[in-house]
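We count ligands from 1, going down the list as the structure has it; atoms in each ligand are counted the same way.
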Amino acid sequence: MISIKTLGQFIIEKQADFPYAKGELSRLLRDIGIAAKIVNREVNKAGLVDILGTNGDSINVFGENQKKLDVYADEQFISALKSGGECCFVASEEQEEGVVLTDAGISKNAKYIVCIDPLDGSSNIEVNVSVGTIFSIYRRKSAVGEDITEDDYLQTGLEQVAAGYIIYGSSTMLVYTTGKGVNGFTLDPSIGEFCLSHPNMKIPETGKIYSINEGNYIKFPQGIKNYIKYCQEEDKETYRPYTSRYIGSMVADIHRNLLMGGVFIYPQTAAQPNGKLRLMYECNPISFIIEQAGGKASTGGERILELKPTELHQRVPAIIGSTKMVDKVLEFLN
Ligand code: AHM
Ligand code: MG
């Protein structure tokens, strides 16, 4: 008989890794997993909007108000965190200000902060391309009962207690770390459970894939332009030319590179001196996962996880992936 380990079982088993914890982090992860399944159900139906009614503000044939999926995902995750009672503050890409949950009676004693991009790459939904959710979890610094302050939610990536992503792809996966390696779970739709499918994930030390939006080439720093040319040169020893793969959905690009080896780059440009991607709910969680899998994540000058954030929606340039490939990019930049 095949033995299946569900996300719930795995989380309970791994609770022993946190002897000081009382199961709150485990419950928080479980709540995220449940919201992910609900979002997955809606993402999978996205192609049906034309027959069920359009997204936006219109009313569908059932008389229900259809919401854009990223707004829907935001509401689902926040509501799961609120009713779960373990999260005191959520910073979401969809919300300008962080959402304080301690007013909701159930979350009064909650110790965790969650930063989340509820549906990253959502413009890809229309064309049936993978999208994702990215999340990051911190322990609050203030005592329970005190007001939540910047010190609580503007922590460095090194202080993350857990991070993960969900990829809504040809199959749906949840990949997460609590700082003790990376594990991946595939949703089995027949039983509605995430099942351990990729234990102890490791990113290859090097690879043959570079992922960057080359359409912006003209705006890239010279070092990045030179690196792209390097990728395209012929050299048998280093298996060049490399393959260019860019989906435009960070979770999908990172997930592929995590499995196959590669480097993902979103650099600064003159117009966007800090690049496009957000530190708190895109780059920090992805960097934590990739480092835990043996890879590397840099802005080009600094380790992403060491950055001291100054605002919730801060952007940073990102070079993330197989260690040797990231190091090579850095050689070109410095
Ligand atoms: P979003 O948060 O508005 O969805 O934007 C983030 C996405 C990432 O998933 C992806 O890597 C990047 O934007 C692609 O940007 P571009 O189209 O500029 O290459
Ligand atoms: Mg995003």
Side-chain angles (χ1 to χ4, degrees), residues 32 36 39 42-43 46 55 67-78 90-96 98 114-136 157 163-169 173 175 209-221 224-225 228 244-258 262-290 295 297-300 304 309 311-321 326 329:
I32 291 175
V39 171
E42 294 307 307
V43 168
N55 277 350
K67 294 216 167 75
K68 280 194 176 288
L69 273 173
D70 39 13
V71 176
Y72 178 83
D74 187 52
E75 285 176 2
Q76 285 303 324
F77 281 104
I78 292 182
V90 193
S92 161
E93 171 157 4
E94 295 294 327
Q95 310 267 344
E96 199 152 332
V114 174
C115 300
I116 190 160
D117 186 347
L119 207 58
D120 185 62
S122 47
S123 58
N124 279 321
I125 288 181
E126 275 168 43
V127 288
N128 213 347
V129 166
S130 300
V131 288
T133 295
I134 315 172
F135 64 91
S136 169
Y165 62 76
I166 297 113
I167 175 167
Y168 310 97
M173 276 190 76
V175 174
I209 297 174
Y210 70 104
S211 315
I212 185 167
N213 186 344
E214 278 184 71
N216 295 328
Y217 183 87
I218 197 83
K219 303 184 212 157
F220 288 155
I224 296 291
K225 288 182 179 169
I228 292 174
S244 167
R245 288 281 182 272
Y246 189 76
I247 296 171
S249 214
M250 187 190 199
V251 171
D253 279 311
I254 291 286
H255 184 69
R256 182 203 52 240
N257 290 1
L258 169 57
V263 64
F264 172 89
I265 309 174
Y266 208 109
Q268 70 268 48
T269 62
Q272 291 178 306
N274 294 314
K276 172 184 181 190
L277 302 176
R278 315 292 185 140
L279 175 62
M280 299 305 292
Y281 39 78
E282 291 176 337
C283 294
N284 264 341
I286 295 292
S287 299
F288 188 24
I289 293 165
I290 293 295
S298 168
T299 62
I304 290 177
E311 49 168 327
L312 275 184
H313 299 286
Q314 185 172 341
R315 298 176 195 270
V316 279
I319 302 157
I320 302 176
V326 172
V329 181

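- Listed by atom number, the atoms of ligand 1 under 4.0 Å from Gly248 heavy atoms are 9 (O), 10 (C), 14 (C).
- Among all non-hydrogen protein atoms, the one lying nearest atom 3 (O) of ligand 1 is Glu93 OE2, 3.9 Å.
- The side-chain heavy atoms of Met280 and Gln314, taken from C-beta on, include no pair separated by under 4.5 Å.
- The protein atom (non-hydrogen) at minimum distance from atom 6 (C) of ligand 1 is Asp120 OD1, 3.2 Å.
- Results of the side chain to side chain contact (heavy atoms under 4.5 Å, CB included) test with Phe77 over Val90, Leu119, Thr133 single out Thr133 as the only residue that passes.
- Distance CG/Leu69 to CD1/Ile125: 4.5 Å, rounded to 0.5 Å.
- At under 3.5 Å, not a single nitrogen or oxygen of Val251, backbone or side chain, sits near a nitrogen or oxygen of ligand 1.
- For Glu214, the CD atom is densely surrounded, since the number of other residues' heavy atoms within 6.0 Å is greater than 12.
- Interatomic distance, CG of Asp74 versus CD of Glu93, reported as 9.5 Å (0.5 Å rounding).
- The contact set between ligand 1 and Asp117, taken as ligand atoms under 4.0 Å from a residue heavy atom, comprises 2 (O).
- Of the possible donor and acceptor atoms, one in the side chain of Ser249 sits under 3.5 Å from a partner among the backbone N and O of Ser130.
- Side-chain atoms of Thr269 come within 3.5 Å of backbone atoms of Gln272 as a donor-acceptor pair (strictly under, hydrogens ignored).
- In terms of protein heavy-atom proximity, atom 13 (O) of ligand 1 is nearest to Lys276 NZ, 2.8 Å.
- At a threshold of 4.5 Å between non-hydrogen side-chain atoms, the residues Ile286 and Met250 count as touching.
- Set against the non-hydrogen atoms of Met250, the atoms of ligand 1 under 4.0 Å away are 8 (C), 9 (O), 10 (C), 11 (O).
- Judged by the shortest distance from any of its heavy atoms, Arg278 lies outside the 4.0 Å radius around the atoms of ligand 1.
- Listed by number with element, the atoms of ligand 1 under 4.0 angstrom from any heavy atom of Glu282 are 2 (O), 6 (C).
- A donor-acceptor distance shorter than 3.5 angstrom exists from the side chain of His313 to the backbone of Gln95, with no hydrogens or angles considered.
- Residue Tyr281 does not touch ligand 1, judged by heavy-atom distances below 4.0 Å.
- Nearby protein atoms of type N, O or S around the Mg ion (ligand 2) amount to 4 (distance under 2.8 Å).
- For Ser211 and Asn257, the side-chain atoms include at least one donor-acceptor pair closer than 3.5 Å.
- Remark: ligand 1 and Ser249 share no N or O pair separated by less than 3.5 Å (distance only, no angle test).
- Inter-residue side-chain proximity for Phe220 and Ile212 is flagged as met; some heavy-atom pair is nearer than 4.5 Å.
- Regarding atom 14 (C) of ligand 1, its nearest protein heavy-atom neighbour is Tyr246 OH, 3.2 Å.
- For atom 4 (O) of ligand 1, the nearest non-hydrogen atom from the set Ser123, Gly132, Ser130, Gly121 comes from Gly121.
- In this structure, Phe264 and Tyr246 have parallel ring planes: the angle between them is below the 30° cut-off, well short of the 60° mark.
- In terms of modelled atom types and a separation under 3.5 Å, the side chain of Asn124 and the main chain of Val131 share no donor-acceptor contact.
- The protein heavy-atom contact nearest to atom 18 (O) of ligand 1 is Tyr266 OH, 2.6 Å.
- Where the criterion is an N or O separation shorter than 3.5 Å, residue side chain and backbone included, Asn216 fails it with respect to ligand 1.
- Within ligand 1, the atoms closer than 4.0 Å to a non-hydrogen atom of Phe264 are 11 (O), numbered from 1 in the order shown.
- More than 12 heavy atoms of other residues, nucleotides or ligands shown are found within 6.0 angstrom of CD on Glu311.
- The N/O atoms of Leu277, backbone and side chain alike, include none that comes under 3.5 Å of an N/O atom in ligand 1.
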